[in-house]
Amino acid sequence: MSNDVIKPHKTASRIQVLASHLLTSNSNSNSNSNSCLSMASEKEAALAAASAPADSPTIFDKIINKEIPANIVFEDEQVLAFRDINPQAPTHIIIIPKVKDGLTGLSQAEERHYEILGRLLHTAKLVAKQEGLDDGFRIVINDGPKGCQSVYHIHVHLLGGRQMNWPAG
Ligand code: AMP
């Protein structure tokens, strides 16, 4: 577990985060994030991310390899959980497998991924407890351009610390 801290960029937009990823790594794929911009821009950012090669390294590989800092809240041999750089709730944590194994997104899941998929959700539960989200939380897995996925390394969003609304946007 690491205490490397990266301050959330509260004003960062999906486009800004996408741009920073493209600038810091041309091997990064499909990054970007957030939602300060219009829905149209959010979709454009997701579409831009989806146009990158399907299984190229992403910004999350740099976090796994400790090449860039992240505020890591949980780590074991198989999964890593860190605070989202552009939080959409008081608690917003990203949970990822350390080995992608073709899981660019949930839509690529196969039987061999059963164990890691379960582990990601179980880790979300552990981290929710660790974060004191005793009154509830939300789990999100964005998939593909229409799901506004921006980083093509499967990840679970753990959101909490505020009242969620339904339906989701
Ligand atoms: P998604 O849009 O579902 O693909 O989610 C990707 C998430 O990764 C977004 O919420 C981003 O804010 C987040 N993200 C991107 N780069 C970083 C980073 N360097 N550190 C932490 N979170 C990041």
Side-chain angles (χ1 to χ4, degrees), residues 1-75 79-98 100 102-109 117 120-121 123-124 127 131 137-162 164 168-169:
M1 203 174 297
S2 159
N3 284 326
D4 290 346
V5 171
I6 185 166
K7 295 273 186 211
H9 295 183
K10 289 190 176 164
T11 58
S13 70
R14 294 187 79 90
I15 296 293
Q16 285 171 316
V17 176
L18 173 61
S20 75
H21 294 172
L22 293 173
L23 286 171
T24 54
S25 166
N26 57 11
S27 65
N28 164 41
S29 58
N30 325 314
S31 358
N32 109 35
S33 51
N34 176 5
S35 62
C36 298
L37 294 184
S38 69
M39 188 66 86
S41 296
E42 191 170 326
K43 287 178 186 167
E44 283 166 16
L47 286 169
S51 68
D55 200 6
S56 51
T58 75
I59 193 79
F60 290 172
D61 290 286
K62 290 182 177 289
I63 292 174
I64 292 165
N65 296 328
K66 311 286 163 69
E67 293 166 15
I68 62 171
N71 190 340
I72 294 170
V73 298
F74 180 92
E75 179 171 13
V79 304
L80 188 65
F82 52 90
R83 296 194 192 281
D84 198 292
I85 200 171
N86 196 359
Q88 302 303 306
T91 300
H92 186 172
I93 290 165
I94 299 287
I95 301 153
I96 63 172
K98 287 185 169 175
K100 185 161 60 176
L103 268 180
T104 51
L106 187 60
S107 56
Q108 304 308 307
L117 289 171
L120 290 172
L121 287 181
T123 301
V127 173
E131 294 287 315
F137 52 83
R138 178 166 290 171
I139 295 299
V140 172
I141 300 176
N142 294 325
D143 189 274
K146 286 203 170 169
C148 272
Q149 183 177 1
S150 61
V151 180
Y152 279 72
H153 180 134
I154 194 169
H155 52 281
V156 170
H157 294 257
L158 169 63
L159 297 140
R162 66 168 168 82
M164 299 296 159

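Just so you know, residue 1 is the first one in the sequence shown, and it goes up from there. Remember, it's 1-based here, ligands and their atoms both numbered in the order they're listed. Keep in mind it's a predicted model, so treat the numbers as computed, not measured.
- Here the rule is side-chain contact (heavy atoms from CB on, under 4.5 Å) with Leu106, and of Asn142, Leu120, Val156, Ile154 only Ile154 fits it.
- Between Lys66 atom NZ and Glu75 atom CD the span is 3.5 Å, to the nearest 0.5 Å.
- Between Thr123 and Leu158, the closest side-chain pair of non-hydrogen atoms is not below 4.5 Å.
- Atoms of ligand 1 lying under 4.0 Å from any heavy atom of Asn142, numbered from 1 in the order shown and given with element: 1 (P), 2 (O), 3 (O).
- In terms of polar-atom proximity, defined here as any N/O pair under 3.5 Å, His92 makes no such contact with ligand 1.
- What you find for Ala89 and Leu159 is that their closest heavy atoms are CB-CD2, 4.0 Å.
- Atoms of ligand 1 lying under 4.0 Å from any heavy atom of Cys148, numbered from 1 in the order shown and given with element: 2 (O).
- Between the Lys100 side chain and the Ser56 main chain, a donor and an acceptor come within less than 3.5 Å of each other.
- Those atoms of ligand 1 that come under 4.0 Å of a heavy atom in Ile63, given as number and element, are 18 (C), 19 (N), 20 (N).
- Proximity of Arg83 to ligand 1, defined as any heavy-atom pair under 4.0 Å, is confined to the backbone N, CA, C and O atoms.
- Interface atoms of ligand 1 facing Phe82, defined by a heavy-atom separation under 4.0 Å, are 21 (C), 22 (N).
- Of all the heavy atoms in Pro97 and Ile64, the pair that sits closest is O-CD1, 3.9 Å.
- Of all atoms in ligand 1, numbered sequentially from 1 with element shown, those under 4.0 Å from a heavy atom of Phe60 are 8 (O).
- Heavy-atom proximity to His157, at under 4.0 Å, picks out these atoms of ligand 1: 1 (P), 3 (O), 5 (O), 7 (C), 10 (O).
- When the side chain to side chain contact (heavy atoms under 4.5 Å, CB included) test is applied to Ile94, the partners found at least two apart in sequence or on another chain are Phe60, Phe82, Asp84, His92, Ile96, His155, His157.
- No part of Ala70 comes within 4.0 Å of ligand 1, judged by heavy-atom distances.
- Close N/O approach between Ile94 and ligand 1 is not found [any backbone or side-chain N/O within under 3.5 Å].
- When the side chain to side chain contact (heavy atoms under 4.5 Å, CB included) test is applied to Gln108, the partners found at least two apart in sequence or on another chain are Thr104.
- Between Gln149 and ligand 1, not a single N/O pair is under 3.5 Å apart.
- Close approach of ligand 1 to His155 (heavy-atom distance below 4.0 Å) involves ligand atoms 1 (P), 3 (O), 4 (O), 5 (O), 6 (C).
- Between Ile68 and ligand 1, no pair of N/O atoms sits closer than 3.5 Å.
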Derivation and outcome, side-chain contact (heavy atoms from CB on, under 4.5 Å), residues Leu103 and Leu117: CA-CA 10 Å; Leu103 268 180; Leu117 289 171; 4.2 Å; yes
